[in-house]
Undergrad: 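Just passing along the structure, written as structure tokens.
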Amino acid sequence: MTTELSAEDIARRVLSFARDGIVPIVAVGDPVLRIPAAPYAGQLERRTLDRLVDVMRATMHDAPGVGLAAPQIGIPLRIAVIEDMYDVDPEVAEVRERTSVPFRVLVNPEYTEVGDARRSFYEGCLSVPGYQAVVSRAADVRLTCVDLDGHAVDEVVHGWPARIVAHETDHVDGVVYVDKAVTRSIAANDLYAELWAHPSPRRAAETLGFALEHE
């Protein structure tokens, strides 16, 4: 007879593998990325939760990335961290509506699309290493969640930050970005950097032969 591990046990086990505050990222194909995560309802001791957030942030930075969900390190809880303070080319920032995102923790995040405007851009995923692909997402999403201290969040997020919110919330729903990607756009990272790392994916669409729903 096997005993199912508690969320606290799972978290402690994952955190025990931390080296310099960093843990391995789970790759696509692992079932934990395909099962909707459990709502967080105090399953972790506060010191475990705080340690988890610290490790998730460090792991995200080390990758490097702009978001990380708990399932991506093997913990099936609806918790994610996001942060985008990277310097980017002004043209990229303008076209992709990429603005800075200070560090924040999203507990039990949900999002709904706001309006009809959509944007198509390349994006990648720390759990799908080595590739980029074009994904069409809503230009604006309504984010609801609570923060690390239990304060309610209800706000509309626009542009690239909306893409980050949607991407990480998809993770806790068991959805990986390739599920929504234009498969013909998929490019290995080195080729993406060499050929398609433009503000807009228009050139990639014309050359590789796929249609852009929006851009």
Side-chain angles (χ1 to χ4, degrees), residues 7 28 32-44 49 52-53 56-57 60 63 65-73 75-86 88 92-128 132-182 185 199-201 212-215:
V28 67
V32 73
L33 295 176
R34 290 311 195 174
I35 300 170
Y40 181 71
Q43 295 96 322
L44 305 181
L49 177 61
L52 172 61
V53 168
M56 288 177 65
R57 186 181 190 186
M60 173 182 66
V66 296
L68 188 71
Q72 290 182 275
I73 60 170
I75 300 175
L77 292 174
R78 295 186 69 87
I79 300 172
V81 297
I82 61 175
E83 184 175 16
D84 185 0
M85 302 300 287
Y86 294 105
V88 296
V92 171
E94 180 179 1
V95 172
R96 297 184 185 177
E97 300 171 296
R98 185 167 178 171
T99 56
S100 61
V101 179
F103 178 73
R104 63 193 303 188
V105 181
L106 311 181
V107 179
N108 295 331
E110 304 280 354
Y111 77 90
T112 54
E113 298 182 355
V114 177
D116 297 325
R118 301 186 68 81
R119 304 286 188 269
S120 293
F121 292 114
Y122 270 98
E123 66 181 75
C125 179
L126 302 180
S127 290
V128 190
Q132 304 275 328
V134 172
V135 180
S136 173
R137 294 192 185 271
D140 298 274
V141 300
R142 180 184 178 187
L143 166 67
T144 57
C145 64
V146 297
D147 65 18
L148 195 58
D149 295 315
H151 300 131
V153 174
D154 186 341
E155 62 185 68
V156 174
V157 188
H158 175 75
W160 195 260
R163 181 172 293 265
I164 296 172
V165 164
H167 182 116
E168 298 310 324
T169 304
D170 282 351
H171 268 305
V172 299
D173 287 333
V175 176
V176 180
Y177 91 104
V178 290
D179 299 338
K180 299 182 174 183
V182 179
S185 73
S200 164
L212 287 177
E213 181 182 349
H214 302 277
E215 59 176 306

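The figures that follow rest on heavy atoms only: side chains count, while hydrogens, waters and symmetry mates do not.
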Undergrad: Looking at every heavy atom in both Val157 and Ala162, which two are closest together, and how far apart are they?
TA: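 Val157 and Ala162 have their closest heavy atoms at O-CB, 3.3 Å.
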Undergrad: When you look at Tyr40 and Val146, which way does the side-chain contact (heavy atoms from CB on, under 4.5 Å) test go after all the steps?
TA: CA-CA 10 Å; Tyr40 181 71; Val146 297; over 6 Å; no
Undergrad: Does any non-hydrogen side-chain atom of Val66 lie less than 4.5 Å from one of Arg98?
TA: yes
Undergrad: Do other residues, nucleotides or ligands put more than 12 heavy atoms under 6.0 Å from Asp149 CG?
TA: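 Yes, CG of Asp149 has more than 12 neighbouring heavy atoms, counting only those of other groups under 6.0 Å.
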Undergrad: If every non-hydrogen atom of Ala93 is compared with every non-hydrogen atom of Val88, which pair is closest and at what distance?
TA: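 Nearest pair, atom of Ala93 first, then Val88: CB-CG2, 3.7 Å.
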Undergrad: Are His158 and Thr99 packed together at the side-chain level, in the sense that at least one heavy-atom pair is separated by less than 4.5 angstrom?
TA: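 The answer is no; the side chains never approach within 4.5 Å.
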Undergrad: Report, as yes or no, whether the 6.0 Å neighbourhood of atom CD on Glu94 holds more than 12 heavy atoms from other residues, nucleotides or ligands.
TA: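 At most 12 heavy atoms, drawn from other residues, nucleotides or ligands, come within 6.0 Å of this atom.
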Undergrad: Is any side-chain heavy atom of Ile79 less than 4.5 Å from a side-chain heavy atom of Leu49?
TA: yes
Undergrad: Within this structure, what is the OG-CG distance for the pair Ser127 and Leu68, rounded to the nearest 0.5 Å?
TA: 7.5 Å
Undergrad: Hey, does Cys125 have a side-chain heavy atom less than 4.5 Å from the side chain of His171?
TA: yes
Undergrad: Using the salt bridge (Lys or Arg N to Asp or Glu O under 4.0 Å) criterion, which residues pair with Glu83? Sequence neighbours excluded.
TA: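 Counting only residues at least two positions away or on another chain, Glu83 forms a salt bridge (Lys or Arg N to Asp or Glu O under 4.0 Å) with Arg57.
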Undergrad: How many angstroms lie between atom CD1 of Ile164 and atom CG of Leu106, to the nearest 0.5 angstrom?
TA: 10.5 Å
Undergrad: Applying side-chain contact (heavy atoms from CB on, under 4.5 Å), run through Thr169 and Arg78 and close with a yes or a no.
TA: CA-CA 8 Å; Thr169 304; Arg78 295 186 69 87; 4.2 Å; yes
Undergrad: Determine, stepwise, if the pair Glu113 / Arg118 fulfils salt bridge (Lys or Arg N to Asp or Glu O under 4.0 Å).
TA: CA-CA 9 Å; Glu113 298 182 355; Arg118 301 186 68 81; 3.0 Å; yes
Undergrad: Which heavy-atom pair separates Trp160 from Tyr122 by the least distance, and what is that distance?
TA: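 Nearest pair, atom of Trp160 first, then Tyr122: CH2-O, 3.7 Å.
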Undergrad: Which distance, rounded to the nearest 0.5 Å, do you find between the CD1 of Ile35 and the CG of Asp173?
TA: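 Here the rounded value is 13.0 Å.
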Undergrad: Report yes if some heavy atom in the side chain of Val92 is under 4.5 Å from a heavy atom in the side chain of Pro199; otherwise report no.
TA: yes
Undergrad: Please report the interatomic distance OG(Ser136) to CD(Glu123), rounded to the nearest 0.5 Å.
TA: 10.0 Å
Undergrad: Please examine the side chains of Asp84 and Pro161, heavy atoms only from C-beta on, and report whether any two atoms are closer than 4.5 Å.
TA: no
Undergrad: Rounded to the nearest 0.5 Å, what separates atom CG in Leu52 from atom CD1 in Ile75?
TA: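 One gets 4.5 Å once the value is rounded to the nearest 0.5 Å.
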Undergrad: Could you walk me through whether Thr144 and Asp154 pass side-chain contact (heavy atoms from CB on, under 4.5 Å), step by step?
TA: CA-CA 5 Å; Thr144 57; Asp154 186 341; 3.8 Å; yes
Undergrad: Which heavy-atom pair separates Arg34 from Val28 by the least distance, and what is that distance?
TA: NH2-CG2, 4.4 Å
Undergrad: May I ask you to test the Arg96-Arg163 pair for a side-chain heavy-atom distance under 4.5 Å?
TA: no
Undergrad: In the structure I gave you, are the side-chain heavy atoms of Leu44 and Leu77 within less than 4.5 Å of one another anywhere?
TA: yes
Undergrad: Minimum heavy-atom separation for Ala80 and Glu168, please, with both atom names.
TA: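 That closest heavy-atom pairing would be CB-CB, 4.1 Å.
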Undergrad: Taking all non-hydrogen atoms of both residues, which atom of Met85 and which atom of Ser100 are closest, and how far apart?
TA: SD-CB, 3.8 Å
Undergrad: Check whether Ser185 reaches the backbone of Val134 with its side chain - one donor and one acceptor, N or O, closer than 3.5 Å.
TA: yes
Undergrad: Test side-chain contact (heavy atoms from CB on, under 4.5 Å) on Arg104 and Leu148; report intermediate values, then the result.
TA: CA-CA 8 Å; Arg104 63 193 303 188; Leu148 195 58; over 6 Å; no
Undergrad: Could you give the distance from NE2 (His167) to OH (Tyr111), rounded to the nearest 0.5 Å?
TA: 10.5 Å
